[in-house]
Each structure stands twice: as C-alpha cells, then as structure tokens.
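Below is one structure, written out as structure tokens; comments come after it.
Fair warning: this is a prediction, and the values are worked out from it, not measured in the lab.
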Amino acid sequence: MSRPGPVLLDVADLHVAYGKAHVVHGVGLTVHAGEFVVVLGRNGAGKSTILHALSGLIPKQRGRVTFAGADITHASPGDIVRAGLVQVLEGHRVFTSLSVEDNLLIGTYAGRGSDPRRGLERVYADFPELAEKRHQQASRLSGGQQQILAVAQGLIAEPRLLILDEPSGGLAPVVVDRILDVASRLARGGTAVLLVEQLVEKALRHAGYGYLLETGAVAGEGTAAALQDSALLRRIYLGGAEAA
C-alpha cells in the first residue's frame, strides 16, 4: 500500500539522552501530508521522548528532523509551532485560571490561522460542550473536558501536523473515541496527525500507518491493518515469542 501525499515530516537517525541515559536510539520515521500515523510501544519505550524532541522541547543528541522541506533539527519550539507542527502535551495542559475561550484564543497566537473567530466557530462545532462553557474558568472543567480543551487549542492553531501525546489518559472511552474521530477527520481533510497512544486497538482502528517502538528503537512499521494482526505487536505487548 502506497502512503498518501508527499513526505511532510522526516526523522532520520534520531538519538536522545537524559544525562547518561540513552533513551532513543537512531529512530527514523516519516509522516506524509494528510496521513494519520501512530507510534506504539510499552511504557518506557521512548515514545513521548521522541515527540518532545520533534517539538523542540528537549535537545537531540544526534539526527536530523525535516518538516515541509526545512531542517528544524535545532529550531526553537516557537519557530516549530509557527512552521505548522503543533503538539498537544499529555496531561490536560491548559491555563486553569483563564476562561475556556481565552485558552482557545491563546492557541491562535502562534498558529497559522488568520481569523481567530472563524477558528473558534470551527472548534465549537467539533466540541459543542466547549461552546456551552466558553465563559467558564477552565479549572471548573472535568478532566475529560480539559483534555478536549487541550486538543482544541492544538486544532485552532490550524497545524499542518498535529501531534497528540496519550490523549486517552484518564478519560472515558466515549471521550477518547470523539477525540480520535476528530483526528481522523482532520487527516481526511489534509492535516497530518502523529499519535502516541496506549490504547492499541483504538489507535490502529483510526490510523493508516504505524511504527512499533521497543527500547527506544523502531522494531517494525507498516499499515495499521498489517500491524494489528502482527506477531511483533503481540510480542511487544504480551511478551510472547514472535513467529518465524
């Protein structure tokens, strides 16, 4: 199966270390324009570390990251966001002292959208519960509503690539499904999505392509359908022997 569109994100030989701990070992991956890609692996495999390195939040020890044809390996987080690569961090990272709408407007400042009001209308159409609570302080939202708000902050920036880091954390299954449904619709509309997620079955059901990570390195890759039934996936998650 050929992958859709031109390559948008190209990661080559990525190495990341925390002090003397070498966490990511020569990872290479690509995300094509309009593609939904998932990175899977057990806890501690280095998934979130890779995302933080791509977003410029932690330094890279070695490797090259190209986005939309430009080298962003050593770019600042602000420049990376302005280029159109936006990450929604794990753990409901919103400004709890501000209103829902002010949180969303903050998401427009560094984004590519030229009309904040149009962005608000689009987000409120996707997540009507945010429209109902637009003037409410974000601290009064439930954990699930705060996660939806965090995702909406990423969407309103009109990214070329939206990175989602464990959006399911602590959320009801119905909320997770809604977030992944919106991500799937984005990909169909031309916005690439890169997802790290522990809910393997849900992630593969929505994604088109995936990478399997093991001890900081890519152990396998392929279409989501092929990975779903692979012996490698079973070995990584269940510890069984991989078929020959």
Regarding Arg3 and Thr30, do their side chains bring together a donor and an acceptor under 3.5 Å, going by distance alone? yes

Kindly indicate, with the supporting measurements, whether the criterion side chain to side chain contact (heavy atoms under 4.5 Å, CB included) is fulfilled by Arg118 and Glu158. CA-CA 11 Å; Arg118 184 173 63 85; Glu158 297 188 12; 3.2 Å; yes

Assess the residue pair Arg234 and Asp229 against the criterion (salt bridge (Lys or Arg N to Asp or Glu O under 4.0 Å)); give the C-alpha distance rounded to whole Å, side-chain angles, the decisive distance to 0.1 Å, and a yes or no. CA-CA 8 Å; Arg234 291 194 295 273; Asp229 297 321; over 6 Å; no

Quick one: does Thr66's side chain have a donor or acceptor within less than 3.5 Å of a partner on Gly69's backbone? no

Do the side chains of Ile58 and Tyr18 get nearer than 4.5 Å, heavy atoms only? yes

Please walk me through it: do Leu51 and Gln87 pass side chain to side chain contact (heavy atoms under 4.5 Å, CB included)? CA-CA 8 Å; Leu51 300 190; Gln87 179 176 353; 3.6 Å; yes

Any sub-3.5 Å donor-acceptor pair from Gln145's side-chain atoms to Ser142's backbone N or O? yes

Do Tyr209 and Glu35 pair up side chain to side chain, a donor and an acceptor below 3.5 Å, judged on atom types alone? no

Taking only Lys NZ, Arg NE, NH1 and NH2, and the carboxylate oxygens of Asp or Glu, determine whether Arg235 and Glu214 approach each other closer than 4.0 Å. yes

Can Arg178 be said to sit on top of Phe127's aromatic six-ring, NZ or CZ under 6.0 Å from centre and within 45° of the ring axis? no

Criterion salt bridge (Lys or Arg N to Asp or Glu O under 4.0 Å) on Arg64 and Asp71, from CA distance to verdict: CA-CA 7 Å; Arg64 179 182 172 91; Asp71 188 341; 2.9 Å; yes

Are the side chains of Val100 and His135 in contact, using a 4.5 Å heavy-atom criterion? no

Carboxylate-amine/guanidinium proximity below 4.0 Å for Arg134 and Glu129: no

From the list Leu161, Leu85, Leu57, side-chain contact (heavy atoms from CB on, under 4.5 Å) partner of Ile80 resolves to Leu85

Please enumerate all residues that pass ring pair (Phe, Tyr, Trp, His ring centres under 6.0 Å) together with His15, with sequence neighbours excluded. His22

Please name the pair of heavy atoms, one in His206 and one in Asp181, separated by the smallest distance, quoted to 0.1 Å. NE2-OD1, 3.0 Å

Residues forming a salt bridge (charged side-chain N to carboxylate O under 4.0 Å, His left out) with Asp10, sequence neighbours excluded: none

What are the two closest non-hydrogen atoms of Val27 and Gly216, and how far apart are they? CG2-O, 3.5 Å

Got a donor-acceptor contact below 3.5 angstrom from the Gln153 side chain to the Asn103 backbone? yes

Would you verify whether the NZ or CZ of Arg42 falls within 45 degrees of the ring axis of Tyr237 while also being under 6.0 Å from that six-membered ring's centre? no

Give the intermediate values and the outcome of side chain to side chain contact (heavy atoms under 4.5 Å, CB included) for residues Arg160 and Phe67. CA-CA 10 Å; Arg160 301 178 70 176; Phe67 182 70; 4.0 Å; yes

Return yes if a side-chain donor-acceptor contact under 3.5 Å exists between Ser168 and Glu197, otherwise no. yes

